[in-house]
Protein chains: 2
Amino acid sequence: MLPLFENYLEFIQKIHPLSPESIEALMPFLQQKNFAKKDFLVRQGNISDELYFIISGCVREYFEDANADEINTWFGFENAVAVSTYSFFSQKPSLTNIQTLEDTETIVIRHEDIHKLYNQFHEIERLGRLLAEQYLVQIEEMKIILQTLSARQRYEYLLQNKPDFIKRIPLKYLASFLGIKLETLSRVRGQK
Amino acid sequence: MLPLFENYLEFIQKIHPLSPESIEALMPFLQQKNFAKKDFLVRQGNISDELYFIISGCVREYFEDANADEINTWFGFENAVAVSTYSFFSQKPSLTNIQTLEDTETIVIRHEDIHKLYNQFHEIERLGRLLAEQYLVQIEEMKIILQTLSARQRYEYLLQNKPDFIKRIPLKYLASFLGIKLETLSRVRGQK
DNA sequence: ATAAATGTTTGATAAATGTCAAATAATTTG
DNA sequence: CAAATTATTTGACATTTATCAAACATTTAT
């Protein structure tokens with residue numbers, strides 16, 4: 001087994017253990033892809049037919065709003081799944097970009113291949129369901145943060161719950177992720 | 001076929017068509033439950049082991065924040081699935097209440113029974129996956145609204161995209177759903 | 001039909017956040 | 001390493017939103 005795939009399989013098995021047969025069927029569809037800093041995994045407007053598991057590095061998902069400002073919607077580090085959900089699920093043009101913030105190693109699996117595996121192995125479809133459910137709950141949490149917290153409280157939420165974000169992601173990007181302006185974020189974190 | 005189940009089956013078939021065998025297996029687990037206005041389908045702190053399909057009426061999902069203010073997180077009308085996602089998926093205590101805003105007829109299916117069906121029918125598990133994916137994309141949309149729009153723009157979003165909300169849901173509840181105060185919402189909609 | 005309860009609007013003011021401009025600080029590149 | 005670029009902070013001020021109080025309107029229950 002290539003050592004790079006170990007993290008990926010471990011990640012999967014934690015969500016839903018797979019039989020040796022499923023894993024054997026899955027492996028040929030996995031492909032390693034490495035990206036330099038600032039490369040794009042997904043581009044707004046294109047249909048995203050790949051799902052990425054991040055082995056190392058860091059990516060952001062963002063879109064451009066009406067004023068051509070970038071709105072960051074998601075950040076992912078090692079051992080996270082990066083996917084342009086709407087596009088990948090519906091196979092329609094992506095509303096977002098996914099771009100690396102550092103050199104990043106990924107394991108890629110294609111939409112088409114996942115669906116082959118879904119058809120062939122009920123337990124892989126179950127994995128897909130569980131992954132979607134978990135992802136959903138995470139998005140819901142972030143939605144509540146944006147719905148209920150002040151700028152200062154949003155920053156404190158990051159401090160307590162996503163310390164990696166503050167360590168590794170430029171404030172510039174974190175601001176729109178938190179739904180506040182860069183200057184406000186800078187002030188809020190100065191006074192604490 | 002009881003006419004009440006028709007909408008439910010139609011809803012399901014639109015997401016993923018099921019074979020007659022699956023439908024036959026599913027039917028015995030469906031149960032009709034009617035609620036009076038202000039009744040609770042789910043209570044914060046309890047494990048929610050039921051998923052509701054709304055035949056008629058209207059429900060809200062909400063939780064109480066640290067100041068004992070109610071934060072509304074979701075509204076559902078006819079032909080929507082109401083579920084306390086976190087609790088139902090993880091079978092841990094619910095973070096939210098689900099309460100009717102009008103007399104409401106539902107079709108209920110239990111967590112345990114869904115999982116029996118998942119085990120027995122791959123295609124029902126697929127339905128579950130697709131439902132989770134769709135739900136996820138909807139939550140993501142609302143997250144973007146809260147992340148990027150001003151109070152006035154949030155109201156205009158509702159006007160254009162969820163006119164039913166404005167017709168049928170008291171402003172009092174819509175305000176926290178939009179992440180703004182009642183008075184602000186009232187002002188914003190007065191000046192238009 | 002009326003009183004009580006619930007829901008919405010309005011006003012005055014305070015607090016939070018945004019805007020624009022400029023100064024520092026940190027990082028990248030030749 | 002120095003210049004150029006990118007990122008962050010700070011200041012003055014504008015705008016938005018919240019807060020608190022009260023009035024007004026609508027719905028519900030008797």
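In what follows, chains are A, B, ... by sequence order, proteins preceding strands, each numbered from 1.
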Of all the nucleotides listed (C/dT8, D/dT8, C/dT17), which has the minimum atom distance to the side chain of A/Leu182?
D/dT8

Whole angstrom is fine here: how far is it from CD1 in B/Ile166 over to P in C/dT8?
12 Å

Interatomic distance where CG belongs to B/Leu146 and C1' belongs to D/dT17 [whole Å]
15 Å

Taking only the side-chain heavy atoms of A/Ser186 (C-beta and beyond), determine which of C/dT17, C/dT8, D/dT8 contains the nearest atom.
D/dT8

Rounded interatomic separation in angstrom, taking CZ from A/Arg154 and P from C/dG18:
8 Å

ring-ring contact (aromatic ring centres under 6.0 Å, His included) test vs A/Phe177 passes for just one of A/Tyr157, A/Phe75, A/Trp74, namely A/Phe75

When both distances are under 3.5 Å in a Watson-Crick or G-U wobble arrangement, the nucleotide paired with D/dT27 is C/dA4

Looking at A/Lys181, I'd like to know whether one of its side-chain N or O atoms comes within less than 4.0 Å of OP1 or OP2 on C/dA16.
no

Rounding to an integer number of Å, can you tell me how far B/Leu101 CG sits from C/dG7 C1'?
14 Å

Counting side-chain heavy atoms from CB outward, which of D/dA7, D/dT9, C/dT9 is closest to A/Arg189?
D/dT9

Would you say the side-chain atoms of B/Ser48 pair up with the backbone N or O of B/Ser94, donor to acceptor, closer than 3.5 Å?
no

Whole angstrom value for the distance that separates C1' of D/dA7 from CG of A/Leu185:
12 Å

Backbone of B/Asn72 reached by a side-chain donor or acceptor of B/Ser176 within 3.5 Å:
yes

For the side chain of A/Lys172, counting heavy atoms from C-beta on, which of D/dT9, C/dT9, D/dT8 is nearest?
D/dT8

Quick one: label A/Lys37 by what it contacts on the DNA or RNA (base, sugar-phosphate, nothing), any heavy atom closer than 4.0 Å.
sugar-phosphate

Determine the contact category for A/Ile180: base if any of its heavy atoms lies under 4.0 Å from a base atom, sugar-phosphate if only primed atoms, P, OP1 or OP2 are that close, otherwise nothing.
sugar-phosphate

5'-most contact on DNA chain C (nearest-nucleotide basis), B/Glu183 vs B/Lys38, goes to B/Lys38

Is the distance from the ring center of B/Phe165 to that of B/Phe77 below 6.0 Å?
yes

Picking from D/dT17, C/dA12, D/dT8, which would you name as closest to the side chain of B/Arg187?
C/dA12

Could you check how far CD1 of A/Ile169 sits from P of D/dA7, rounded to whole Å?
13 Å

Among pairs that include at least one residue of residues 92-119 of chain B, which meet ring pair (Phe, Tyr, Trp, His ring centres under 6.0 Å), considering only residues two or more places apart or in two chains?
B/Phe88-B/His111, B/His111-B/His115, B/His115-B/Tyr118

Separation of C/dA26 P from A/Arg168 CZ (nearest whole Å)
21 Å

Spacing between A/Tyr155 atom OH and C/dT17 atom P, to the nearest angstrom
15 Å

